[in-house]
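Reminder, nothing fancy here: chain letters follow the sequence lines and each chain counts from 1.
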Amino acid sequence: MFSDDDWSAIRLSLLVASIAALCVMPFAVAAAALLARRRFPGKGLFDALVHLPLVLPPVVTGWLLLILLGRNGAFGRPLARCCGIVFAFHWTGAALAAAVMAFPLAVRAVRLSLEAVDPRLEAAARSLGAPPLWAFATVTLPLAASGLLAGLVIAFAKAIGEFGATITFVANIPGRTRTIASAIYTHTQAPGGDAAAWRLTWVSVAIAVAALAGSEALARRVGRRG
Amino acid sequence: MIAFDLSIRKGDFALVARARALGPALAVCGPSGAGKTSLLDAIAGLDPAARGRVEVDGVVLQDDEAGVNLPAHRRRIGYVFQDARLFPHLGVAGNLRYGARFAPAGEEPTLDFVVDLLGLRPLLARRTRDLSGGERQRVAIGRALMTAPRLLLLDEALAAQDDGRRRDILAHVATLRDALRRPIVFVSHRAEDVRAVATDVATVVEGRLDGATSVQPS
């Protein structure tokens with residue numbers, strides 16, 4: 001039913017979106033914690049910066065990534081030289097582009113849930129001897145678990161659907177950087193590709209529904225605790 | 001022994017509090033809104049804007065003139081908040097154990113000791129949301145004791161209790177005062193509570209707390 005290229009696109013999309021969603025969460029939690037709990041000069045600017053990938057055209061984000069992290073980019077070249085880390089035209093680049101695009105959405109979800117946790121509980125934890133980071137990790141984070149989960153799911157969903165930044169940054173190489181979204185795009189560009197595009201569309205729907213159902217089940221388990 | 005000399009400022013609110021308690025149990029009295037809780041926050045290190053000096057049993061926790069200001073988590077002050085602030089995601093046992101890992105090695109009380117002292121055995125397996133107000137306070141006291149604090153702060157720990165429960169907690173506080181040999185600072189506006197437990201009394205009047213008076217606990 002699926003061609004080899006389609007199968008590899010499905011596998012790659014699942015891999016890219018999972019890695020992107022998992023890797024973006026620590027950064028999203030850190031940014032959300034800063035925005036929810038701290039006052040500092042330049043906070044408005046920081047907030048705007050966090051939201052930038054949400055409002056920029058995705059192709060601009062992808063192009064900026066290419067400039068910065070391409071093979072000859074300001075960061076791309078030293079990264080490749082010193083640590084052998086390559087993003088451009090590589091699946092890791094697709095994951096990075098998806099993570100960057102998912103970042104503002106994850107931050108929003110996490111921030112809302114952090115703001116809903118009473119900061120006085122963290123003060124209580126500190127009075128019991130917990131260093132600030134420990135207090136945050138053992139009191140605030142568990143109480144914001146449903147928001148973290150929501151952030152993870154929205155990041156995964158965004159990453160699965162990400163197209164513009166990905167195709168700009170890592171192109172559309174079958175078996176290497178072609179995700180479901182770029183595979184559908186390819187099919188729609190080819191004569192007689194409608195059937196294949198439809199099949200991958202159904203796959204996208206199935207993944208989205210599975211992710212939502214999985215997060216619902218997890219959220220219920222989290223909610224039952226305590 | 002506890003001594004403090006603090007200046008607290010929050011917007012329009014200002015409090016200057018200076019006292020040295022000779023006995024182990026200092027009662028802080030005064031009308032509501034006078035700043036009693038703000039004083040406890042400052043002693044606990046939870047108010048970053050508080051300036052001055054705090055000393056407990058010869059250990060200086062804060063002395064801004066000398067550049068000393070321990071953060072809350074290094075002051076080893078057990079603070080029982082007016083609203084208990086139990087962690088809702090941990091059960092009673094989890095709350096009690098939370099701070100034990102931060103107690104200095106060799107000084108940490110056993111869970112059994114604290115549980116028996118405060119009569120918490122029947123509550124151990126319960127979730128915090130199923131506790132009554134009085135039970136929450138007792139768990140909060142136990143949670144603070146598990147950190148082997150050098151000072152215990154009780155903020156209106158008795159206010160929400162019925163008479164029987166109040167007498168009960170008062171008895172516990174008196175036990176703490178005598179059994180743990182840790183100084184206690186407690187906020188209360190009931191004269192009989194003060195009489196029952198306090199060895200020293202200080203009153204906040206119009207933004208000032210000036211010295212403590214020794215009293216004989218009954």
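For the residue pair Thr201(A) / Ser204(A), no side-chain donor-acceptor distance below 3.5 Å is found, with atom types taken as modelled. Defined by atom type and a distance below 3.5 Å, a donor-acceptor pair is missing between the side-chain atoms of Tyr98(B) and Thr147(B).
When heavy atoms are compared at a cutoff of 4.5 Å, Arg85(B) approaches chain A by way of both its backbone and its side chain. The contact between Asp83(B) and chain A is made entirely by side chain atoms (from C-beta outward), counting heavy-atom distances below 4.5 Å. Looking at Leu86(B), only its backbone comes within 4.5 Å of chain A, counting heavy atoms on both sides. With a threshold of 4.5 angstrom between heavy atoms, Ile77(B) approaches chain A through N, CA, C or O but not through any side-chain atom. Both the backbone and the side chain of Arg143(B) come within less than 4.5 Å of a heavy atom of chain A.
Inter-residue side-chain proximity for Arg101(B) and Trp134(A) is flagged as met; some heavy-atom pair is nearer than 4.5 Å. Within the 4.5 Å cutoff, no side-chain heavy atoms of Asp155(B) are placed close to those of Val80(B).
Contact residues of residues 106-132 of chain A toward chain B are Arg120(A), Leu121(A), Ala123(A), Ala124(A), Ala125(A), Arg126(A), Ser127(A), Leu128(A), Gly129(A), Ala130(A), Pro131(A), Pro132(A) (heavy-atom distance under 4.5 Å).
Between Phe103(A) and Phe27(A), the ring centre distance reaches or exceeds 6.0 Å.
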Under the side chain to side chain contact (heavy atoms under 4.5 Å, CB included) rule, what do Arg53(B) and Glu65(B) come out as? Steps first, then yes or no, please. CA-CA 8 Å; Arg53(B) 194 167 194 286; Glu65(B) 276 181 24; over 6 Å; no
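Of the candidates Leu153(B), Val185(B), Asp200(B), Thr203(B), Val185(B) is the only one forming a side-chain contact (heavy atoms from CB on, under 4.5 Å) with Val28(B).
Between Arg121(B) and Asp112(B) there is a salt bridge, since a side-chain N of the basic residue sits under 4.0 Å from a carboxylate O of the acidic one.
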